[in-house]
Every structure is written in C-alpha cells, then in structure tokens.
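Structure first, commentary second.
In the text below, chain A, chain B and the rest are named by the order of the sequence lines, each starting its count at 1. Hydrogens, waters and symmetry mates are skipped; everything else that's a heavy atom, side chains included, is used.
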Protein chains: 2
Amino acid sequence: MKTADPELMRAINRFNVLDTIRRHGPISRVEISERSELSTTTVSAITGALLDDGLILTRHEGDLRNAASRGRPRVMLELNPNAARVVGAKIAAHCMVFAVTDFRGEVLSQLTLPIRVNRQSISVIADLIEDGVRRCVVDAGLVLGDVDSICIGLPGVIEHRTGLVRSSPIFRETDVDFANEMTSRLNVPTIVESDAHAIALAHHWFGKARDLDDMVLVSLEQTLGLGVLHHGQLFRGAGGLSHNLGDLVLGIGPQDIVRLSALAGENAILGNQPDGGGRFAEAMRLGRGMAMAQTLIAADDNTLLAAATRAGEAVGLAVANIVTLFGPPRVIIVGSSLSLGPVFLDSLRDAYRRAIPSSIQAVAELVFDESADETWAQGAAVVALCELYESPWGTTGPAPAL
Amino acid sequence: MKTADPELMRAINRFNVLDTIRRHGPISRVEISERSELSTTTVSAITGALLDDGLILTRHEGDLRNAASRGRPRVMLELNPNAARVVGAKIAAHCMVFAVTDFRGEVLSQLTLPIRVNRQSISVIADLIEDGVRRCVVDAGLVLGDVDSICIGLPGVIEHRTGLVRSSPIFRETDVDFANEMTSRLNVPTIVESDAHAIALAHHWFGKARDLDDMVLVSLEQTLGLGVLHHGQLFRGAGGLSHNLGDLVLGIGPQDIVRLSALAGENAILGNQPDGGGRFAEAMRLGRGMAMAQTLIAADDNTLLAAATRAGEAVGLAVANIVTLFGPPRVIIVGSSLSLGPVFLDSLRDAYRRAIPSSIQAVAELVFDESADETWAQGAAVVALCELYESPWGTTGPAPAL
DNA sequence: ATGAATTAATCCGCATTGGGGAAAAATTGG
DNA sequence: CCAATTTTTCCCCAATGCGGATTAATTCAT
C-alpha cells in the first residue's frame with residue numbers, strides 16, 4: 001500500500017476539486033466547498049493553484065441562483081479547455097474512429113476510417129492508426145506536439161497497466177506491447193485500453209451513467225466486452241486487465257462448451273447462415289453486417305430471426321449473471337448488435353427477467369444505448385484525460401517558485 | 001468521496017503499521033519502516049501511539065537476524081492479544097459455531113452447537129445465537145463486557161453495511177435487520193456478514209491467501225457463496241451486499257432456467273434421489289448428509305456418483321466464469337461439498353480446464369481447502385477485527401491529554 | 001448618493017502530519 | 001573503558017487543512 005504523506009493528501013483534494021468543477025460545469029467556490037465537503041479556505045487555496053497552473057478559468061457571469069441576491073457575487077470556475085489535448089481512438093475490425101478532444105473531453109475533430117484492419121499485420125495496423133491520429137490532429141488545427149496523451153481503445157483482453165494487448169480479434173499475434181509501439185511512433189505518451197472500458201467511461205462522463213459512481217456496461221460488438229465502474233473507478237482485474245465477456249460459459253453440450261461468443265458474437269449471429277455463410281460475407285467485410293441483418297429481419301427472414309432471438313436470450317442470461325455478481329444499480333448495454341432491433345432486445349429483456357433472481361430483481365435497471373462510433377473514441381480520450389487529472393501537476397510538491 | 005485531512009493521513013499510516021505488525025509477527029521498528037516505506041521517525045511516532053493505546057507490546061528477545069550483531073539491539077513489537085476480544089459465529093442450517101478470539105484473531109474458546117435452526121423463527125434463532133455467544137464467552141473466561149465486537153456469519157445475501165439479511169436459507173423472512181436485533185440483545189456492537197466473506201478473510205489472515213491481496217473464494221455449502229478480495233479488501237457489491245453464487249444461471253432448458261444451486265447445491269446433490277428424497281432426510285436433518293454421501297460414493301452408489309459428477313461439472317464452469325470476470329491469481333474453493341471426494345473434485349477440475357479460456361489459462365490457480373467449522377467462525381471474528389483495526393482509536397484526534 | 005446589510009473570497013494563525021538530520025541509547029569488540 | 005555500530009528518539013522544517021477574522025463586492029433602504 002502506498003504511504004500517506006501530505007503530497008497524497010494534496011493530490012486527493014486537488015483531484016476532488018478538479019473533478020467537481022468538471023462535473024458541475026461553471027461552479028462557484030462556495031458550491032465546490034459544499035459538494036466536496038472541504039472548507040472554503042482549502043477550496044480557495046486549491047482553486048488558486050489550479051488557476052496558476054492554467055487548468056481552470058474564471059467567469060464572471062452565469063451565477064444561476066436567485067438573480068436578485070445580495071452580497072458579493074460568486075465567481076464561477078470552469079475547466080480550461082486548452083489545458084490539454086488528447087486523442088482517443090476506437091479500433092474495430094472494419095472501422096477506425098479517432099477523436100481529438102480538449103481538456104473537458106469535448107470533441108474538437110473527428111475522423112472515421114472505414115478500413116478493414118482485421119488480420120492485418122501489427123505494423124500495418126500501427127501504420128493506419130498513426131496516420132489516423134496525425135490526420136485527426138491536423139483536422140483539429142493542431143500539431144502532434146500539442147497533444148498530451150493518446151489512448152487507443154481495442155476489443156479483446158487488454159492489460160492497461162502494462163500496455164499489453166493480450167489478445168484481440170484484430171491482431172494476429174498475442175501479447176503485443178502496443179502502447180510502447182505507438183508511443184515510439186508518435187512520440188506522445190500512448191496508452192491502450194479495452195474499448196468496453198472506454199465507452200464505459202464515456203457514459204460516466206457524458207452519457208447514461210453521469211449520476212452514478214457504480215454501474216456495469218456490456219458492449220456487444222464483434223467482441224463482447226464488459227466495463228465495471230466501482231466507486232467511480234474502472235474495476236480492472238487483479239492484473240489490471242480487462243474482461244472478455246464472450247468467453248463466459250453459458251452451458252455445456254454433449255461434447256463441447258457453449259460460450260456466449262458462440263451465441264451472441266457478431267459472427268455467430270451473422271455468420272452461421274444456412275447458405276454456407278456466404279450471404280453476409282461481403283456485407284460483413286464492409287462492416288455493414290448488422291445493417292443488412294436489420295433489413296432482413298424487417299423482412300421476416302426466419303433464420304436471422306432465430307439467430308437474433310437466440311443471441312438476445314444468451315445475452316440476457318449473461319447480464320443476469322453479471323448483476324448477480326456485481327449488483328450494480330444500472331446496466332448499460334451498447335454495441336452494434338443493438339441494431340438488430342426489437343426481436344433481439346425483447347428476447348434479451350425476457351431472458352433477463354426470467355434469469356434474474358427475485359431477491360435482487362429491483363437492484364439493477366437495464367438501459368440500452370446505441371452510441372455513435374464517435375462516442376467510443378471520445379471514451380478513449382476520456383481514459384487518457386482521467387490519467388492527466390490524477391497526475392501530479394506543476395504546483396504539487398515544493399512551494400511554487402516566486 | 002471523503003475529504004483528505006491530516007486525520008485521514010494518520011489513520012492510513014496507523015493502519016499500515018498495525019497491519020504490518022499483525023502480518024509479520026514480532027517485528028522491529030526498522031523493519032516496519034522498510035516494509036511500509038514510512039520513515040523511521042514516523043514509524044517511531046505511530047508505534048509510540050499504539051503502545052500508549054495498548055494495542056501493541058514490546059518484546060526484548062527474539063531478534064532473529066545474525067545473533068552476533070553489533071549496535072543497539074532491535075526491540076520487537078507485536079500485537080497485544082488483550083487489546084480487544086471479539087466473537088465470531090458461523091450459522092449454518094444444521095449447526096452453529098462460535099469462536100472468541102483475541103486481538104490477533106487467535107481463538108480463545110470455541111463452541112459447536114449441532115442444532116437445526118433451519119426454518120425456525122427469527123426470535124428462536126436469535127435466542128440460540130445469543131445463548132451460544134454467551135456460553136462461548138464464559139468458556140473463554142470472560143464476560144460479555146470484555147467483548148468489543150461481534151460478527152455473525154450467515155449464508156445468503158447479506159448487506160453488511162446496513163446489517164440487513166436480505167435473504168438467507170435459514171430465515172423464513174427476508175430483509176431482516178439482524179445486526180440491530182443482536183446488538184440490542186447482547187448490548188455489544190454486532191455486525192453481520194456473508195459466511196463466504198468471513199471464510200475469505202480467514203484465509204487472507206491465516207490460510208491459503210496469506211500472501212495475496214487479490215483472490216477469489218468460492219464456498220460450497222448449503223448455499224453457494226463467493227468472496228472477492230480486491231487490493232486487500234472485500235469487494236462488496238455497489239450496495240455493500242454479498243453475492244449469491246447459487247443464483248448464477250448455467251443454462252436454459254426447454255422451459256426453465258437452470259441455476260447453479262439446482263445442480264451443485266447441497267439439496268441438489270443429496271436431495272434428488274430416486275427413492276423420493278427420503279433416503280437422506282434423516283442424515284441431512286442432522287447435518288450429516290455429506291458424510292453419508294461420501295460413504296455411499298465409496299460404495300459406488302451410481303445415483304450419487306452421477307449427482308456428484310454433475311455438481312462438480314457445474315461448479316467448474318461457474319469458477320471458470322468467475323475467473324473470466326475477475327482474473328484472480330488464486331481461487332480457493334471451500335465448503336462441505338468438497339468432502340464428496342475425488343469424484344466431485346476431478347469432475348470440477350476437468351470442467352474448469354475445458355471451460356477456462358486459453359488466453360487466461362495461466363492466470364489463476366485452483367486451491368481446495370476443507371476448513372474446519374471453527375475456521376469459519378474465526379473468519380467472522382476477523383471481519384469484526386478488521387473494523388476495529390480501521391476504527392479511529394484513542395489518540396487519533398486532538399493531542400493526548402498529558 | 002450614501003450607508004447598512006449581506007454574501008463571497010482571502011488572510012492569518014494554529015494544530016497536525018510526515019520527513020531529514022542530529023543526538024541519544026544500547027549494544028559488541030578490542 | 002573507549003571506539004564502533006546500529007536502533008531509536010528528539011528537534012526542527014515544510015506542507016496541509018481548518019476556524020475565525022478580515023477584506024471585497026454587491027443589493028437594498030433611506
């Protein structure tokens with residue numbers, strides 16, 4: 001366990017204040033004091049330091065409380081958008097999305113490349129990502145030197161702490177040290193993170209978990225991912241690695257194990273068609289599999305209806321198990337599979353309702369969200385920002401040189 | 001989030017020192033300083049306070065390093081066994097076990113009552129527990145007033161934070177405020193905790209997880225429980241409640257959901273015998289079901305062999321899923337079902353091996369442990385001790401009155 | 001306009017904490 | 001009995017957060 005010295009104390013309170021300002025928009029010092037339960041004196045000292053460091057800005061308008069109030073008006077504080085820039089990327093099998101954001105996590109520029117990276121070599125993928133990052137940065141009117149940090153969101157099992165990609169459907173190799181690879185290519189600190197963790201943080205900052213510090217997110221893309229938020233922080237496994245939900249076992253056949261990915265993975269839904277799997281081949285290669293499936297389902301394609309129903313059922317059971325283990329107040333379900341439509345969703349909800357133990361039935365609510373790809377990239381950017389927020393900035397340490 | 005003031009700093013470091021002393025037996029100040037990465041000055045100050053508070057003792061012998069060493073000899077510090085007394089209890093359907101321990105968690109007296117509390121009314125159960133606690137305390141040569149805290153370990157879904165027993169196989173009612181009930185009966189602060197959490201902490205302090213701060217424990221008793229240790233602390237769900245592993249869904253039949261408890265619960269293994277379930281009725285009532293099953297399995301009872309095999313398989317799959325989600329370096333499996341013997345264990349191991357994804361195959365090791373009932377009660381006592389360790393003791397706060 | 005009332009933010013001094021270096025304490029070896 | 005050595009404590013410093021007094025900036029009443 002790390003030792004508690006004044007520096008840690010400072011870092012904790014500083015983060016608290018910064019996070020309060022981020023969450024509650026332009027906010028006055030008194031209100032920060034109320035929300036964070038720090039004394040006004042301390043808030044004043046910390047905000048002073050944050051102002052010196054250029055992380056926040058003052059604004060003399062926008063005091064929302066009863067306009068006809070006496071006394072000295074409050075000075076509102078807000079994040080300085082220009083305090084930092086980060087790049088977030090979401091890499092999927094058929095598509096790469098990049099987003100440059102400011103210190104608040106607001107997107108400055110965005111770039112979607114519908115490129116199939118699936119099964120390419122590492123260096124080719126790294127080339128494409130490097131290119132995308134550079135172009136997106138230019139689009140934002142910046143140069144790479146302005147960027148403080150980059151986060152690449154990938155499907156699969158990612159070890160955030162070490163920067164290792166343990167296994168990913170878009171990499172042929174396993175145990176790739178991708179964070180180092182990209183850091184040396186771009187000469188900007190680059191980290192990797194599970195795409196599910198990225199979208200989970202995006203929802204925590206901007207989406208459907210803004211009000212919660214505990215929740216679970218299930219992502220249904222080519223890979224089935226899980227993000228657990230615990231006391232406001234991502235719950236990373238003991239080794240700091242992310243989970244692969246698709247590996248969950250849902251039953252056991254006469255000979256073989258039935259995994260979730262075999263019932264609800266993108267390939268499972270679209271790939272096992274009776275005509276030998278060729279029907280979707282072209283659409284899937286282009287990343288349009290789910291859109292095509294949606295069309296066919298609307299036309300009552302029986303095979304697909306059955307596949308979607310089965311997939312929904314499997315996911316419903318898996319979600320029930322996750323709720324049993326984590327007991328979150330909310331489960332957010334995202335990903336391309338949602339576009340299968342009501343057939344899938346109803347089946348999912350129904351299976352969940354049957355599978356959830358009655359004793360914890362009321363604990364969790366299910367929320368569905370069809371986020372745009374941009375949101376995933378933004379989430380990756382948020383992962384990078386989170387590290388910046390916690391990092392020891394200028395004034396932490398000895399007294400500022402006067 | 002809680003605000004960081006000097007008091008918190010103190011509490012953290014104080015806990016660190018106390019925990020280091022607990023873990024590493026009689027230990028000198030210098031060694032504490034090395035292990036905790038606190039300066040010798042700070043260690044000296046904190047140990048001084050701990051000595052003043054009577055939580056630790058000095059011992060002038062037992063310096064183990066090279067005996068022929070020059071310089072001032074080290075003064076060894078160790079926990080003061082008499083600094084506190086707690087009572088831990090494990091309540092099962094057919095048996096109640098109590099243990100009084102000292103501040104170190106060493107058992108002073110122990111009491112096993114093979115009483116069937118199953119389906120009794122709350123007040124009867126509370127009566128029995130009250131009686132057991134009182135008798136065990138007397139056996140230890142103490143009176144209730146000497147006891148600082150009590151922890152009752154129960155099967156089921158327990159909300160430790162609020163003291164609520166959400167649902168338990170030994171209670172007819174749900175949502176029982178059992179902590180308050182026992183506190184007012186005994187006039188000693190009493191908390192409740194899941195029995196699985198209790199045995200998990202017991203293993204962390206004394207058993208097979210002494211060296212680990214992250215691990216998962218699976219308990220296979222009448223109820224199937226789970227305890228997750230995360231960074232040295234019990235991972236309690238968002239609401240502070242414990243998990244019920246038996247509710248996990250392992251598959252879906254034509255009409256109904258197949259839960260783990262239906263395949264691997266005690267009742268499932270012993271109860272569904274072809275002769276109508278009567279064969280074990282008497283043995284089960286007496287809590288001897290597993291012992292009898294063991295005998296029958298040794299005699300090649302085919303029905304039981306099949307049940308044990310099926311149960312082992314189900315648990316193996318569930319454990320694989322848990323490893324997929326939590327990625328712990330070790331899984332400890334405990335509980336009465338282990339006494340089913342190699343048939344069960346082999347089946348479990350085999351199913352686990354088949355179900356664990358190859359990408360994380362090497363992450364976790366499976367460890368089996370047939371702990372005595374006493375250990376469970378000791379674990380409950382440890383839960384109580386943990387809270388005492390973290391509580392702000394005397395000197396924390398204003399300067400000590402001189 | 002001017003002063004009283006009111007609210008926000010800051011300044012000053014205090015208590016507490018941990019850390020570094022010097023000093024004291026308690027040994028062994030010659 | 002003194003030097004060497006190692007542990008422990010003592011003294012002082014820097015940093016933190018907090019409470020109370022003070023200053024700043026506004027509205028309201030006259």
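Residue contacts for B/Val43: at a heavy-atom cut-off of 4.0 Å it reaches no nucleic acid atom on any strand shown.
Computed from coordinates, the A/Ile32 CD1 to C/dT10 P distance equals 11 Å when rounded to whole Å. Rounded to whole Å, atom P of D/dA25 lies 17 Å from atom CZ of A/Arg74. One can place CE of A/Met9 at 13 Å from P of C/dG19, the figure rounded to the nearest angstrom. Rounded to an integer number of Å, the gap from B/Glu37 CD to C/dG19 P is 11 Å. Protein atom CD of B/Glu34 is 13 Å distant from nucleotide atom P of D/dT6, rounded to whole Å. Going from atom CE of A/Met76 over to atom C1' of C/dT7 covers 14 Å, rounded to whole Å.
Set against C/dT10, D/dT16, C/dA9, the side chain of A/Ser44 has C/dT10 as its closest nucleotide. Nearest nucleotide to the B/Arg29 side chain, out of C/dG18, D/dT9, C/dT10: D/dT9. Listed nucleotides: D/dG17, D/dT8, C/dG20. Nearest to the side chain of B/Thr41: C/dG20.
Checked against the 6.0 Å centroid criterion, the rings of A/His230 and B/Phe235 qualify as a close aromatic pair.
In terms of the side chain to side chain donor-acceptor pair (under 3.5 Å) criterion, A/Asn187 has no residue partners (sequence neighbours excluded). Remark: A/Ile191 engages A/Cys151, A/His160, A/Val383, A/Glu387 in a side-chain contact (heavy atoms from CB on, under 4.5 Å) (not counting sequence neighbours). For the side chain to side chain donor-acceptor pair (under 3.5 Å) test, residues two or more places apart in sequence or in another chain that qualify with A/Thr47 are A/Arg29. Residues satisfying the side chain to side chain donor-acceptor pair (under 3.5 Å) test with A/Arg104, not counting sequence neighbours, are A/Asp102. For B/Asp177, the side chain to side chain donor-acceptor pair (under 3.5 Å) test picks out B/Asn180, with sequence neighbours left out. Listed by chain and residue number, A/Val100, A/Leu108, A/Ser109, A/Leu142 satisfy the side-chain contact (heavy atoms from CB on, under 4.5 Å) test with A/Ala140 (two or more places apart in sequence, or in another chain). In this structure, the salt bridge (Lys or Arg N to Asp or Glu O under 4.0 Å) partners of B/Arg35, at least two apart in sequence or on a different chain, are B/Glu31. Contacts of B/Ser39 classified as side-chain contact (heavy atoms from CB on, under 4.5 Å), with partners at least two apart in sequence or in another chain: B/Thr41, B/Thr42. Residues that satisfy the salt bridge (Lys or Arg N to Asp or Glu O under 4.0 Å) test with B/Asp213, not counting sequence neighbours, are B/Arg23.
Judged by closest nucleotide on DNA chain C, A/Ala45 is the one of A/Ala45 and B/Pro6 placed further toward the 5' end.
Figure legend: cation-pi geometry between B/Arg210 and B/Trp205 absent, as NZ or CZ is not positioned both under 6.0 Å from the six-membered ring centre and within 45° of its axis.
In DNA chain D, runs of at least 3 stacked Watson-Crick or G-U pairs (N1-N3 plus N6-O4 or O6-N4, or N1-O2 plus O6-N3, all under 3.5 Å) give these stems: C:1-30 with D:1-30.
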Between the protein and nucleotides 1-3 of chain D, which nitrogen or oxygen pairs come in under 3.5 angstrom?
none

Protein and nucleotides 23-26 of chain C: nitrogen or oxygen contacts under 3.5 angstrom:
unit_1 : atom_1 : unit_2  : atom_2 : d
C/dA26 : N3     : B/Arg72 : N      : 3.3

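For the OP1/OP2 pair of C/dG19 and a distance below 4.0 Å, the side-chain nitrogens and oxygens of B/Ser39 include at least one atom meeting the criterion. For B/Asn13, a side-chain nitrogen or oxygen approaches OP1 or OP2 of C/dG18 to under 4.0 Å.
At distances below 3.5 Å, at least one donor-acceptor pair connects side-chain atoms of B/His204 with backbone N or O atoms of B/Leu212.
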